[in-house]
Amino acid sequence: MTTPFIRPRRLRVSAGVRTLVRETELSAADFVFPLFVVPGTGIKEEIASLPGIYHLSPDMAVKLAKEAYEAGIPAVIVFGLPEYKDEQGSSAWDAASPVQETIRQIKAALPELVVVSDVCLCQYTSHGHCGMLNGEKIDNDSTLPLLAQTALSHAEAGADIVAPSDMMDGRVLAIREKLDAHGFQDVSIMSYSVKYASAYYGPFREAADSAPQFGDRRSYQMDPANAREAIREAALDVAEGADMLMVKPALAYLDVVRQIRDNFDLPLAVYNVSGEYAMVKAAAANGWIDEKRIVLETLLGMKRAGADIIITYHALEAARWLQEQ
Ligand code: PBG
Ligand code: ZN
């Protein structure tokens, strides 16, 4: 028996054959588009650190949400910059804050568009941390009821999915119990299960005015060195009743995405974060890369690693590029 001469190139000979054997497909239906909302009306101001992304008043957020919906994107995630900040972050659960107002307006105008709300306190606390302070420590258990209250206010405004990003222990259970006690059994929890203490959040903190005023987030967000711990975090969220899991950031953590995918059956989201977006935009602005190809290749890599859902600032542009193809 002679060994046959194997030619993998046969499967690459034409666009048609390549289409036939393609293993992974990227689609606008995978995307969640982030919106940053501010108080007021008629406001649409580009965010310097995130070119192409805007601070929007609720009315303008609805317009952009409509564009996303029409481009085939099934969901938006809403982040807010509040009118006021205090020690507790009480504007986070104020029904009059921009996030709650935006959720109400989007659900009224576009009932089919899925609205995800980011549940955290860092944009709302005077100290910029995601939890309550006890001296200079971030106190876990006193934060839980405030996160639950915030999630409830989002559900009352009409959110379909709440997404806690604070990394306190036990928050998924606290939120689930609060939602259920108020009749919101059908509101899902997309947990930021595996969220690393990352330098890639830099542009977001400028966009959301949420940088910690002292210290850093390393006592609650994960150490970038750890992957086994990611499995443990995800398992806890599953046990507490999370409906979907998330890994964040995406690009430097695709090995973790693959491990979470292989270990759990829940839908898995990745967050292609602000720093990942800003790097691509900066290189593209300098003419150093082919932006469209880089973005589609990067997002495809996230899907190949095992993501079902991609939260990305590129969503609207990428959805339009995919339509052209
Ligand atoms: C708030 C939050 C952050 C991001 C999403 N929710 C920032 C942080 O934890 O400091 C980051 C998103 C991005 O960088 O695009 N907890
Ligand atoms: Zn936070």
Side-chain angles (χ1 to χ4, degrees), residues 31-37 47-55 76-82 85 87-89 91-93 99 116-133 138-140 143-144 146-147 150-151 154 161-169 171-172 175 189-224 233 246-253 269-282 298-299 302 309-315:
F31 299 155
V32 179
F33 186 46
L35 300 170
F36 290 96
V37 299
I47 298 167
S49 58
L50 295 172
I53 302 295
Y54 298 85
H55 282 139
V76 294
I77 182 165
V78 185
F79 296 94
L81 288 86
K85 301 192 189 220
E87 277 276 305
Q88 292 218 310
S91 53
W93 58 87
V99 164
V116 186
S117 70
D118 181 84
V119 175
C120 203
L121 300 174
C122 53
Q123 288 112 292
Y124 306 92
T125 48
S126 44
H127 44 80
H129 277 290
C130 306
M132 291 306 95
L133 297 188
I138 314 305
D139 189 64
N140 195 89
T143 304
L144 299 180
L146 307 184
L147 293 167
T150 302
H154 295 169
I161 301 173
V162 295
S165 65
D166 52 281
M167 288 300 279
M168 298 301 123
D169 295 331
R171 79 278 177 68
V172 170
I175 290 170
I189 300 177
M190 175 193 279
S191 179
Y192 286 69
S193 306
V194 180
K195 179 175 179 181
Y196 289 95
S198 172
Y200 282 100
Y201 308 150
F204 174 95
R205 290 183 189 171
E206 198 181 310
D209 187 26
S210 65
Q213 296 304 299
F214 65 89
D216 56 43
R217 303 212 202 288
R218 285 179 226 209
S219 75
Y220 43 108
Q221 298 180 349
M222 284 178 58
D223 183 339
E233 280 283 4
M246 191 196 302
V247 173
K248 175 188 175 187
L251 215 37
Y253 300 89
V270 292
Y271 200 138
N272 174 216
V273 300
S274 58
E276 301 172 37
Y277 175 87
M279 291 193 301
V280 170
K281 283 290 172 187
T298 302
L299 299 177
M302 293 169 192
I309 299 164
I310 304 174
I311 304 171
T312 177
Y313 303 100
H314 296 293

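In listed order, ligands and their atoms are each counted from 1. Everything numeric in this text was worked out from a predicted model, so none of it was measured.
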Evaluate Ser210 for polar contact with ligand 1, using N/O atom pairs at a separation under 3.5 Å. no
Phe214 and His127 aromatic ring geometry - parallel, tilted or perpendicular at 30°/60° bounds: tilted
Do you see a donor-acceptor pair shorter than 3.5 Å between the side chains of Arg171 and Ser191? yes
Where ligand 1 meets Cys120 - atom numbers and elements under 4.0 angstrom, heavy-atom basis: 16 (N)
Considering only the protein, which heavy-atom contact is closest to atom 2 (C) of ligand 1, and what is its distance? Lys195 NZ, 3.4 Å
Just let me know how Cys122 lines up against ligand 1, side chain, backbone, both or neither, with a heavy-atom cut-off below 4.0 Å. side chain
Does the structure place the NZ or CZ of Lys248 under 6.0 Å from the centre of the six-membered ring of Tyr201, at an angle of no more than 45° from the ring's axis? yes
Consider ligand 1: state whether an atom of it lies below 4.0 angstrom from any non-hydrogen atom of Gln221. yes
Tell me whether the rings of Tyr253 and Tyr196 are parallel (<30°), tilted (30 to 60°) or perpendicular (>60°). parallel
Quick test of your reading of the structure: of Phe204, Tyr220, Tyr192, whose heavy atom lies closest to atom 12 (C) of ligand 1? Phe204
Can you tell me if Tyr277 contacts ligand 1 (heavy atom of the residue under 4.0 Å from the ligand)? no
heavy-atom search around atom 14 (O) of ligand 1 in the protein gives Ser274 OG, 2.7 Å
Which count of protein N, O or S atoms is obtained for distances strictly below 2.8 Å from the Zn ion (ligand 2)? 3
Rounded to the nearest 0.5 Å, what separates atom CE in Met302 from atom OG1 in Thr312? 6.5 Å
Residue Phe79 vicinity, atoms of ligand 1 by number, heavy atom under 4.0 Å: 5 (C), 6 (N)
Does an N or O from Arg217, backbone or side chain, lie closer than 3.5 Å to an N or O of ligand 1? yes
Under 30°, 30 to 60°, or over 60°: which ring-plane class applies to His55 and Phe36, parallel, tilted or perpendicular? perpendicular
Identify the protein heavy atom lying closest to atom 10 (O) of ligand 1, giving its residue, its atom name and the separation to 0.1 Å. Arg205 NE, 2.6 Å
Would you say Glu276 contacts ligand 1, with heavy atoms under 4.0 Å as the rule? no
Check whether any N or O atom of Asp166, backbone or side chain, sits under 3.5 Å from an N or O atom of ligand 1, and answer yes or no. no
Can you sort out which atoms of ligand 1 are near Lys248, meaning under 4.0 Å from one of its heavy atoms? 2 (C), 3 (C), 4 (C), 5 (C), 6 (N), 11 (C), 12 (C)
Taking all non-hydrogen atoms of both residues into account, name the closest pair between Cys122 and Arg217 and its distance. CB-NH2, 3.8 Å
Within ligand 1, which atoms have a heavy atom of Tyr313 less than 4.0 Å away? 12 (C), 13 (C), 15 (O)
is_close_aromatic(His314, Phe31), centroid dist under 6.0 Å: no
What are the atoms of ligand 1, with element, lying closer than 4.0 Å to any heavy atom of Ser165? 1 (C), 2 (C), 6 (N), 16 (N)
Could you tell me which atoms of ligand 1, counted from 1 in the order shown, lie closer than 4.0 angstrom to a heavy atom of Tyr271? 12 (C), 15 (O)
